[in-house]
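Only one structure is covered here, and it is reproduced in the block below.
The model shown is predicted, which means the values in this text are computed figures rather than measured ones.
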Amino acid sequence: MKPRALVFDAYGTLFDVHSVVVRAGSTIPGDLHALSILWRRKQLEYTWLRSLMERYEDFWNVTEAALRSAVAQLKIEASERQLDGLMQAFLTPSAFPDVKPALDALKGVPLAILSNGSPRMLESMVGGSGLASSFAEVISVDRVKIYKPSPRVYALAPEVLNVPREDIFFVSSNSWDVAGARAFGFKVCWCNRSQGNMEHLGFSADVTVSHLGEIAGYL
Ligand code: 2OP
């Protein structure tokens, strides 16, 4: 496989969303593991619902609404200050440990990010991780004001990178994102970090790896 560009999903693939609650939730009473899982679940659900409703709000607002929904559902008593602490920490989730060496091993092929994140969130996250120089482009869905897996989102990558979709290798750990990207026409790598099952949506990955370091072996 000789792709002309590699495009990465951000949350869950390069950056660990669950690092946020671990780092900023220690003073909050309750089941923080359950909070982190439900927060992420709600965040994604709201992106899908808002896309269907044609009522886009950026990922920062979606993320805050998802957090408020999750704490209410779990009956967690968190103060405004504690919620704000979690939101601020969401601006700089930790990169997974395999990211930097994997990106270094992929030098020579243009790399990009295509994410639901708002431009401010992506700038803060990528800048704060020290990975900004690895990427030729960081592309936010905000340009088209709809979320993944809308094909309008995936279409941003060929447009911005000026590379045909079939020459792009898209990498995601989110199985539904893999299906959406494959349906659009990318070659797709599923980084199956959690050893989960593929969605039954009729589209599966071209390549499945368990960590990002394996990708270089397929190029
Ligand atoms: C992202 O677009 C799907 O949240 C994931 O970064």
inquiry  = Tell me whether R182 contacts the main-chain N or O of D206 through its side chain, where contact means a donor paired with an acceptor under 3.5 Å.
reply    = no

query = Is there a side-chain contact between R4 and V109 (heavy atoms, below 4.5 Å)?
reply = no

inquiry  = Between R50 and E57, does any side-chain N to carboxylate O distance fall below 4.0 Å?
reply    = yes

task = Please lay out, stage by stage, how S140 and V138 fare under the test side-chain contact (heavy atoms from CB on, under 4.5 Å).
result = CA-CA 7 Å; S140 166; V138 177; over 6 Å; no

ask   = Between the side chains of T27 and Q82, is a donor N or O closer than 3.5 angstrom to an acceptor N or O?
value = yes

task = Measure centre to centre between the rings of Y218 and F169, then say whether the value is under 6.0 Å.
result = no

inquiry  = E137 vs L114, test: side-chain contact (heavy atoms from CB on, under 4.5 Å). Steps then yes/no.
reply    = CA-CA 8 Å; E137 297 285 348; L114 175 63; over 6 Å; no

ask   = Using 30° and 60° as the class limits, which term best fits the ring planes of F170 and Y154: parallel, tilted or perpendicular?
value = perpendicular

task = Please check if the side chain of S51 supplies one atom and the backbone of T47 the other of a donor-acceptor pair under 3.5 Å.
result = yes

key: Check: W60 main-chain N/O paired with D58 side-chain donor or acceptor under 3.5 Å   = yes

query = For the side-chain contact (heavy atoms from CB on, under 4.5 Å) test, which of T92, L131, V99 pairs with F15?
reply = L131

query = About how many Å separate CG of L156 and CZ of R143, when rounded to the nearest 0.5 Å?
reply = 6.5 Å

task = In plain terms, say whether K187 and D167 are close enough for a salt bridge, that is, a side-chain N and a carboxylate O under 4.0 Å apart.
result = no

ask   = Do the side chain of K42 and the main chain of W39 share a donor and acceptor less than 3.5 angstrom apart?
value = no

request  = Check the surroundings of atom CG in D104: do more than 12 heavy atoms from other residues, nucleotides or ligands lie under 6.0 Å from it?
outcome  = yes

inquiry  = Just so I know, are the side chains of P158 and V163 near enough to count as touching, which here means a heavy-atom distance under 4.5 Å?
reply    = no

message = I'd like to know if the side chain of S36 reaches the main chain of H33, judged simply by a donor and an acceptor atom lying under 3.5 Å from each other, with no hydrogens or angles considered.
response = no

inquiry  = Would you call the rings of F90 and F59 parallel, tilted or perpendicular, taking 30° and 60° as the class edges?
reply    = perpendicular

message = Can you confirm whether I113 sits close enough to L14 that some side-chain heavy atom of one is under 4.5 Å from a side-chain heavy atom of the other?
response = yes

inquiry  = Regarding E123 and R120, does a basic nitrogen lie under 4.0 Å from an acidic carboxylate oxygen?
reply    = no

Derivation of the side-chain contact (heavy atoms from CB on, under 4.5 Å) call for D9 and V171 = CA-CA 6 Å; D9 167 60; V171 182; over 6 Å; no

Expected output: side-chain S19 to main-chain D16 donor-acceptor under 3.5 Å = yes

inquiry  = Closer than 3.5 angstrom, by distance alone: can the side chain of S129 be matched with the main-chain N or O of V126 as a donor-acceptor pair?
reply    = yes

